[in-house]
*Asks:* 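Below is one structure. I have some questions about it.
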Protein chains: 2
Amino acid sequence: MTTQTVAQQRSDARSEYNAYLAMCPSRNLLDRISDKWVALVLVALGQSDKRYSELSRQLVGVSQKMLTQTLRLLERDGLIRRELTLSVPVRADYSLTPLGRSLLPLLASVKEWAESHMDEVLAARTVYDSGA
Amino acid sequence: MTTQTVAQQRSDARSEYNAYLAMCPSRNLLDRISDKWVALVLVALGQSDKRYSELSRQLVGVSQKMLTQTLRLLERDGLIRRELTLSVPVRADYSLTPLGRSLLPLLASVKEWAESHMDEVLAARTVYDSGA
DNA sequence: CTGCATCCCAAACGATACTG
DNA sequence: CAGTATCGTTTGGGATGCAG
C-alpha cells in the first residue's frame, strides 16, 4: 500500500503530457495555438469554410506571409484541411477538420471573452498607468 | 422598415468590439492573452496563489525577464494582483483578480485540450511531413 | 487568385550581471 | 527573494517580386 492517493493516480493516467515542462511536446502545441492569428483563423473557419482571399479580407491587417504560414502550420497539425482546385484562376478552400472543430469552441470563447471584457481591461490599464 | 435583420441588430448591439479589426483594442487584448506564457501563468495561479519563485519553478524554462514581463502586463490589465511584502528577504505574492478568474476556465480548457490531443496532432504532423 | 522566395528591419527573447 | 539593466542573438513579420 502506497501513500499515493487515488486522485493522484487518476491525474497521472489522465495526462501523460504536461505543458509546464519545457521539453514536453504539449508545451510546443500550446505555444502554437496561443499564436497571434490562430484563434482568429479557426473562429473564422468555424463560421463557414472559406477561401484564402476571404480569410485575408476578414483578418484585417494580416500579411500574406503570416496568413499562409499560419494556415500551413494548422494544416500540418491536422486542425484544418486545404483543398486546392486547379482551375484558372486557382482556388484554395480551407475548412476545419474534426480535430480543429473540437478546439473551436474553446478559442471562440476566448475571443468572445476578449471582446466582452475590453472595457474592464481598459479601465484597469488606466488605473495602473495613472496611480500604480 | 430596413432590410437589416433582427439577428444583425442583436449582433451589433452585443459586440461593440470586434477582434477582426486591426485597430480595435480587443485585437490587442486577444494578442495579449494568446501570449506564450499567459495561459500557463493564469492556470498556475488558478491552482493557488503563488510567489514569484514558485511560478518560476513551475513554468519550466521561463526566463526571469519573460516571467516578470508577463506578470506586469497581466497586472496592468487587471487579471492578476501583486502583493509585495517588504520583509527581509522581500516577498511577492501573486493572485488572480475576479476578472482573471473569469478568464481562467477558458484558458485552462485550452491548456487541457493541448495536452489531451497531443497524440492526434503528432500523428497529423507525421502524415503531413512524410506524404503531404 | 494563391501562393512561394527573398530581403530586411524591428521587436522579442535569453543570458548575464547587478541591486534593494 | 524579487527583481532591473544591458547586451547580443533570434525570431516575427512587412514589402516586394515572381510563378503556377
Side-chain angles (χ1 to χ4, degrees), chain A residues 20-23 27-41 44-45 48-77 80-95 128 132, chain B residues 19-23 27-41 44-45 48-77 80-95 128-129 132:
Chain A
Y20 283 115
L21 305 177
M23 293 301 94
R27 167 74 73 87
N28 175 277
L29 180 55
L30 184 58
D31 290 352
R32 179 66 49 83
I33 62 184
S34 293
D35 180 80
K36 183 176 185 175
W37 299 109
V38 166
L40 291 176
V41 167
L45 291 179
S48 68
D49 295 358
K50 294 215 162 60
R51 300 182 52 181
Y52 182 91
S53 56
E54 292 178 300
L55 287 170
S56 172
R57 267 191 303 277
Q58 186 166 5
L59 277 67
V60 180
V62 71
S63 67
Q64 282 189 343
K65 180 180 174 178
M66 291 317 299
L67 181 55
T68 299
Q69 187 177 101
T70 301
L71 290 169
R72 284 293 169 285
L73 290 174
L74 290 176
E75 187 193 1
R76 184 170 106 100
D77 286 353
I80 67 175
R81 190 180 306 111
R82 174 173 174 265
E83 206 164 342
L84 200 64
T85 306
L86 289 127
S87 52
V88 180
V90 99
R91 166 192 182 112
D93 287 278
Y94 293 90
S95 58
Y128 185 93
Chain B
Y20 283 116
L21 305 177
M23 293 301 95
R27 167 73 76 85
N28 174 279
L29 180 56
L30 184 58
D31 289 353
R32 180 67 48 83
I33 61 184
S34 293
D35 180 80
K36 183 175 185 175
W37 298 109
V38 165
L40 291 175
V41 167
L45 291 179
S48 69
D49 297 357
K50 294 217 162 64
R51 301 181 53 179
Y52 181 91
S53 54
E54 291 178 301
L55 286 170
S56 171
R57 268 191 303 278
Q58 186 166 4
L59 278 68
V60 179
V62 71
S63 65
Q64 282 188 345
K65 179 178 175 178
M66 291 317 298
L67 179 55
T68 299
Q69 185 179 104
T70 301
L71 291 169
R72 285 290 172 286
L73 291 174
L74 290 175
E75 187 193 2
R76 184 169 108 99
D77 286 352
I80 67 175
R81 190 180 305 110
R82 172 172 175 267
E83 206 164 342
L84 199 64
T85 306
L86 290 128
S87 52
V88 179
V90 93
R91 164 190 184 115
D93 288 277
Y94 292 90
S95 58
Y128 185 93
D129 291 345

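Just so we're on the same page: letters track the sequence lines, and every chain starts at 1.
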*Asks:* For DNA chain D, which residues in residues 82-93 of chain B have a heavy atom at a distance below 4.0 Å?
*Replies:*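 Of all residues in residues 82-93 of chain B, the ones placing a heavy atom under 4.0 Å from DNA chain D are B:R82, B:P89, B:V90, B:R91, B:A92.
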*Asks:* Could you check how far NZ of B:K65 sits from P of C:dA12, rounded to whole Å?
*Replies:* 9 Å
*Asks:* Using whole Å, what does the distance between atom C1' of nucleotide D:dC18 and atom CD of A:Q64 come to?
*Replies:*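 Answer to the nearest Å: 12 Å.
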*Asks:* Tell me which residues in residues 27-36 of chain B lie within less than 4.0 Å of DNA chain C, going by non-hydrogen atoms.
*Replies:*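 None - not one residue of the stretch has a heavy atom sitting under 4.0 Å from the strand.
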*Asks:* How far apart are the closest heavy atoms of A:V60 and A:R57, and which atoms are they?
*Replies:* CG2-O, 3.7 Å
*Asks:* Closest heavy-atom contact between A:D77 and A:R32?
*Replies:* OD2-NH1, 3.1 Å
*Asks:* With a 4.0 Å heavy-atom cut-off, tell me which residues in residues 66-77 of chain A come close to DNA chain C, sorted by residue number.
*Replies:*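 Listed by number, they are A:T68, A:R72.
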*Asks:* Return the minimal non-hydrogen interatomic distance between B:L21 and B:R27, and the atom names on each side.
*Replies:* O-CB, 3.6 Å
*Asks:* Any side-chain to backbone donor/acceptor pair from B:Y20 onto A:A44? Under 3.5 Å, distance only.
*Replies:* yes
*Asks:* For a side-chain contact (heavy atoms from CB on, under 4.5 Å) check, start with the C-alpha distance between A:L40 and A:L55, then their side-chain angles and the critical distance, and finish with the verdict.
*Replies:* CA-CA 9 Å; A:L40 291 176; A:L55 287 170; over 6 Å; no
*Asks:* Using atom types as modelled, flag every donor-acceptor pair under 3.5 Å from a side chain in residues 83-90 of chain B to any protein atom, sequence neighbours excluded.
*Replies:*
from	atom 1	to	atom 2	distance (Å)
B:S87	OG	B:P89	O	2.8

*Asks:* Could you give the distance from OH (A:Y94) to CD1 (A:I80), rounded to the nearest 0.5 Å?
*Replies:* 6.5 Å
*Asks:* How long is the span from the CG atom in A:L71 to the NZ atom in A:K50, to the nearest 0.5 Å?
*Replies:* 12.0 Å
*Asks:* Say whether, by atom type as modelled, one donor and one acceptor occur between the side chain of B:S56 and the main chain of B:Y52 under 3.5 angstrom.
*Replies:* no
*Asks:* Heavy atoms only: give me the nearest B:E54-B:D49 pair and the separation to one decimal.
*Replies:*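 Nearest pair, atom of B:E54 first, then B:D49: OE1-O, 4.4 Å.
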*Asks:* Check B:A19 against B:L30 and note the closest heavy-atom contact, atom names and distance.
*Replies:* CB-CD2, 4.1 Å
*Asks:* Report the end-to-end axis angle of the helix from C:dC1-D:dG20 to C:dG20-D:dC1; each axis comes from five terminal pairs, and the value is rounded to 10°.
*Replies:*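 Roughly 50°, once rounded to the nearest ten degrees.
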*Asks:* For B:A22 and A:G61, work out which heavy atoms get closest and say how close.
*Replies:* CB-CA, 4.4 Å
*Asks:* Taking side chain as C-beta onward, heavy atoms only, is A:S34 less than 4.5 Å from B:K36?
*Replies:*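 A:S34 vs B:K36: side chains apart.
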*Asks:* Near DNA chain D, counting only heavy atoms under 4.0 Å, which residues of residues 51-61 of chain B show up?
*Replies:* B:R51, B:Y52, B:S53
